[in-house]
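All values derive from a computational prediction rather than experimental measurement.
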Amino acid sequence: MKLSDVFKPLDDKKFDMFHIKSLLTTGMGVFTDGYDLSSIGIVIGAVLASFGLHSKTPEYNYWEAWVSSSALIGAAIGAIIFGILSNKGRKTFYGIDVALLSIGAVLQAFVSSPLELVLVRGLLGLGVGADYVLSPLIMAEHANAKDRGKIIALGFGLMWGFGATVAAGIYLVLTSLGYSLDTVWRVVLAAGAFPAASVIYLRRKIPETPRYLARIKGDMKAFENVVKQVAGKDVRVNENLKDTNSFSEYFKKQWKIFLAAASLWFLFDLSAYTGILFGPTAIAKSVGINNPAVFQFITEFGFTVPGGLLALATIDRVGRKPMQIIGFVGMAGSLMSFSFFRPLLPAFLALIVYGMYDFFMQAGPGSISAAGMLGVELAPTKVRGTVQSITVASGRIGATTAGLIVPTLILPSVGVDGLTLILSLLTFLAAAITYFFIPETKGKPLEESSMENQYVKV
């Protein structure tokens with residue numbers, strides 16, 4: 001009997017109201033992440049202008065970089081902290097993440113200097129990092145094997161984009177009503193508190209994951225009770241399944257896969273957050289769009305959502321690996337085409353070429369690597385939280401790198417066309433890493449996809 005057989009009632013369970021409730025509970029935190037991390041790209045010009053900084057001000061690029069990146073730095077730190085804490089209980093700290101998001105969002109409305117905003121967004125980032133670790137972890141450990149890809153892609157992939165679009169919508173409404181830009185950016189940033197606060201109670205009530213109870217805590221009675229609650233089936237396990245293997249044993253055997261997963265999120269975020277942070281400004285202006293919120297709406301509904309829908313239709317059928325490779329190659333091709341042909345194309349055609357980058361991004365790695373899927377599916381239960389925290393932190397470091405060097409070094413040196421060419425080469429590299437180092441995980445129980453079965457027999 002394999003270890004995965006113990007969890008078979010969970011893996012065979014059909015998609016039902018429990019999964020829908022879990023999607024809502026976890027997805028609203030991800031919605032908030034998307035709102036908070038993208039909204040700064042929409043309002044950054046207004047933020048700096050309200051503090052007397054303009055594009056020709058010597059300190060403008062410096063503060064643009066730090067305000068844009070501070071939440072990402074906080075997220076890297078938060079990921080490591082809560083990845084370690086996740087082995088004390090998946091749900092033990094679930095709710096604290098969105099509480100940090102709520103507090104950080106509200107405080108943004110009261111800052112009086114760029115430095116204060118940097119510090120407050122760093123606090124907010126701690127909650128983002130925690131959520132990036134805990135939400136995919138809990139989603140995956142509660143999901144059935146057949147639908148796990150769709151559940152994570154929807155709950156973590158598309159919900160992020162919807163949050164970003166709501167931020168753009170609020171910006172458009174407030175500016176159309178004639179509010180001052182100083183009021184607009186404060187309200188836009190602070191409004192991120194509402195979706196986060198709405199699920200604090202639900203997150204505190206979500207059941208602990210059976211895999212944590214069996215493999216980390218070793219509480220078989222609690223494991224049986226949760227399986228009964230979640231899957232509606234009575235299970236009896238006559239031995240304690242607590243994992244006694246050391247962390248080093250797992251990392252010694254699987255470090256190449258863990259490193260590949262972390263590298264892919266780093267490369268993805270380095271590319272994606274260039275678009276998130278500077279797309280509504282620098283790239284939008286290069287295709288003739290001066291309103292950052294309009295650019296966000298066009299790219300989200302014209303390209304990102306269709307890409308996400310394709311991911312939902314294919315991720316559990318075609319598989320993670322081929323969709324990720326197709327996505328990265330498509331991103332690279334779109335960026336390279338944009339770099340070479342943008343000056344020769346009418347603005348609307350250049351926008352379509354760039355928009356296909358968003359389409360392929362969400363159809364592939366935006367719904368897989370950046371949804372936290374690789375970290376949770378490729379790591380055994382005992383080290384899953386740690387590996388997930390490493391992959392999340394790697395992604396946030398990639399995003400921070402984009403936030404700090406793009407406005408200060410790359411854009412001033414090579415412009416939009418040079419920037420997109422550099423990013424195209426990095427996404428080609430990510431496609432190659434996926435092809436050579438990432439195994440397919442579709443339809444497999446977590447104990448099989450992570451090779452945990454090989455470490456124990458029941």
Original post:
Taking C-beta and beyond as the side chain, do Ile84 and Thr386 meet within less than 4.5 Å on heavy atoms?
Top reply: no
Original post:
Is Arg384 reaching over with its side chain to a backbone N or O of Asn87, donor-acceptor style, under 3.5 angstrom?
Top reply: no
Subject >> Residue Lys91 excluded, over 12 heavy atoms near NZ under 6.0 Å >> reply: yes
Original post:
Is a donor on one side and an acceptor on the other found under 3.5 Å between the side chain of Arg396 and the backbone of Gly129?
Top reply: no
Original post:
Can you tell me if Glu377 uses its side chain to pair, donor with acceptor, with the backbone of Thr441 under 3.5 Å?
Top reply: no
Original post:
Could you go step by step and tell me if Ser70 and Leu119 meet the side-chain contact (heavy atoms from CB on, under 4.5 Å) rule?
Top reply: CA-CA 7 Å; Ser70 52; Leu119 295 175; over 6 Å; no
Subject >> Side-chain touch Thr32/Pro195, heavy atoms, less than 4.5 angstrom >> reply: yes
Original post:
Using a distance-only test with no angle check, is there a side-chain donor-acceptor pair under 3.5 angstrom linking Ser38 and Gln296?
Top reply: no
Subject >> Leu264 side chain reached by Pro365 side chain, heavy atoms, under 4.5 Å >> reply: no
**OP:** Would you name the heavy atoms of Ala76 and Ala393 that are closest together and state the gap between them?
**Re:** O-CB, 3.9 Å
**OP:** State which residue, out of Leu72, Leu101, Val392, Val30, fulfils the side-chain contact (heavy atoms from CB on, under 4.5 Å) condition with Val128.
**Re:** Leu101
Subject >> side-chain contact (heavy atoms from CB on, under 4.5 Å) between Arg186 and Phe110, worked out >> reply: CA-CA 8 Å; Arg186 292 177 189 275; Phe110 302 100; 5.7 Å; no
**OP:** Return yes when atom CZ of Phe301 has more than 12 non-hydrogen atoms of other residues, nucleotides or ligands closer than 6.0 Å, and no otherwise.
**Re:** yes
**OP:** Identify whether NZ of Lys or CZ of Arg in Lys382 sits under 6.0 Å from the centre of the six-membered ring of Phe247 and within 45° of that ring's axis.
**Re:** no
Original post:
So how far is it from Met356 CE to Met361 CE, rounded to the nearest 0.5 Å?
Top reply: 12.0 Å
**OP:** Determine yes or no for a side-chain-to-main-chain donor-acceptor pair under 3.5 angstrom, with Asp219 supplying the side chain and Ala222 the backbone.
**Re:** yes
Original post:
Side chains of Leu267 and Thr427: does their closest heavy-atom pair fall under 4.5 Å?
Top reply: no
**OP:** Begin from the C-alpha positions of Asp11 and Lys8 and carry the test salt bridge (charged side-chain N to carboxylate O under 4.0 Å, His left out) through to its verdict.
**Re:** CA-CA 5 Å; Asp11 287 314; Lys8 190 172 176 58; over 6 Å; no
Original post:
Is it true that Phe258 and Phe251 have ring centroids separated by less than 6.0 Å?
Top reply: yes
**OP:** Tell me, yes or no, whether the heavy-atom count around Phe15 atom CZ, taken from other residues, nucleotides or ligands under 6.0 Å, exceeds 12.
**Re:** yes
Original post:
Any side-chain heavy atom of Trp265 sitting closer than 4.5 Å to one from Leu270?
Top reply: no
**OP:** Identify the heavy atoms of Ile315 and Ala153 that sit nearest to each other, and give their distance.
**Re:** CD1-CB, 4.2 Å
Original post:
Less than 4.5 Å apart, any side-chain heavy atom of Leu115 and any of Trp66?
Top reply: no
Original post:
What pair of heavy atoms forms the shortest contact from Phe7 to Ala214, and how long is it?
Top reply: CZ-CB, 4.1 Å
Subject >> Pairwise distance OG(Ser68) to CH2(Trp63) - rounded to 0.5 angstrom >> reply: 12.0 Å
**OP:** Decide side-chain contact (heavy atoms from CB on, under 4.5 Å) for Thr26 and Tyr94; before the verdict, give the C-alpha distance in whole Å, the side-chain angles of both, and the deciding distance to 0.1 Å.
**Re:** CA-CA 9 Å; Thr26 55; Tyr94 209 39; 2.8 Å; yes
Subject >> Neighbour count above 12 (heavy atom, 6.0 Å) for Arg317 CZ >> reply: no
Subject >> Gln108 and Arg121: CA distance, side-chain angles, deciding distance, side chain to side chain donor-acceptor pair (under 3.5 Å) verdict >> reply: CA-CA 7 Å; Gln108 292 176 107; Arg121 286 188 62 79; 2.7 Å; yes
**OP:** Using a 4.5 Å cut-off on heavy atoms from C-beta on, say whether the side chain of Thr209 contacts that of Leu213.
**Re:** no
Subject >> Lys321 atom NZ, over 12 foreign heavy atoms within 6.0 Å >> reply: yes
**OP:** Determine whether the aromatic ring centres of Tyr132 and Phe156 lie less than 6.0 Å apart.
**Re:** yes
**OP:** Heavy atoms only: give me the nearest Ala261-Ile438 pair and the separation to one decimal.
**Re:** N-CD1, 4.1 Å
**OP:** Could you point out which residue of Glu452, Arg211, Glu141 forms a side chain to side chain donor-acceptor pair (under 3.5 Å) with Thr381?
**Re:** Glu452
Original post:
For Ala196 and Ser102, which heavy atoms make the closest approach, and how far apart are they?
Top reply: CB-OG, 3.4 Å
Original post:
How far apart are the closest heavy atoms of Ala431 and Val329, and which atoms are they?
Top reply: CB-CG2, 3.8 Å
Original post:
So, for Phe223 and Tyr212, is the gap between ring centers shorter than 6.0 Å?
Top reply: no
Subject >> Among Phe359, Tyr354, Phe360, ring-ring contact (aromatic ring centres under 6.0 Å, His included) partner for Tyr357 >> reply: Tyr354
**OP:** Determine yes or no for a side-chain-to-main-chain donor-acceptor pair under 3.5 angstrom, with Thr183 supplying the side chain and Tyr179 the backbone.
**Re:** no
Original post:
Does Glu208 pair with Arg90 as a salt bridge, N-O distance under 4.0 Å?
Top reply: no
Original post:
Say you draw a straight line from CD of Gln362 to CG of Leu312; how long is it, rounded to the nearest 0.5 Å?
Top reply: 9.0 Å
Subject >> More than 12 heavy atoms of other groups within 6.0 Å of Phe194 CZ >> reply: no
Original post:
Glu224 and Arg236: salt bridge (charged side-chain N to carboxylate O under 4.0 Å, His left out), yes or no, with the steps?
Top reply: CA-CA 7 Å; Glu224 293 169 356; Arg236 293 290 180 268; 3.7 Å; yes
Subject >> Any side-chain heavy-atom pair of Leu100 and Asp97 under 4.5 Å >> reply: no
**OP:** Report yes or no: does Asn144 contribute a side-chain atom to a donor-acceptor pair with the main-chain N or O of Asp12 at less than 3.5 Å?
**Re:** no
Subject >> Backbone N/O of Ile368 and side chain of Gln324: donor-acceptor pair under 3.5 Å >> reply: no
Subject >> Under 3.5 Å: donor-acceptor pair, side chain of Asp316, backbone of Gly149 >> reply: yes
Subject >> Flag, side chain of Ser271 to backbone of Phe268, donor-acceptor distance under 3.5 Å >> reply: no
Subject >> side-chain hydrogen bond (donor to acceptor under 3.5 Å, both in side chains) partners for Asp16, two or more places apart >> reply: Lys13, His19
Original post:
About how many Å separate CG of Leu124 and CG of Asp33, when rounded to the nearest 0.5 Å?
Top reply: 8.5 Å
**OP:** Please check if the side chain of Lys233 supplies one atom and the backbone of Gln229 the other of a donor-acceptor pair under 3.5 Å.
**Re:** no
**OP:** Evaluate the side chain to side chain donor-acceptor pair (under 3.5 Å) criterion for residues Thr165 and Tyr35: first the C-alpha distance (whole Å), next the side-chain angles of each, then the deciding distance (0.1 Å), finally the verdict.
**Re:** CA-CA 7 Å; Thr165 305; Tyr35 184 101; over 6 Å; no
Subject >> Spacing of Ser367 atom OG and Leu158 atom CG [to the nearest 0.5 Å] >> reply: 6.0 Å
Original post:
Can you list the steps and then say if Lys228 with Val235 is a side-chain contact (heavy atoms from CB on, under 4.5 Å)?
Top reply: CA-CA 7 Å; Lys228 175 67 175 178; Val235 295; over 6 Å; no
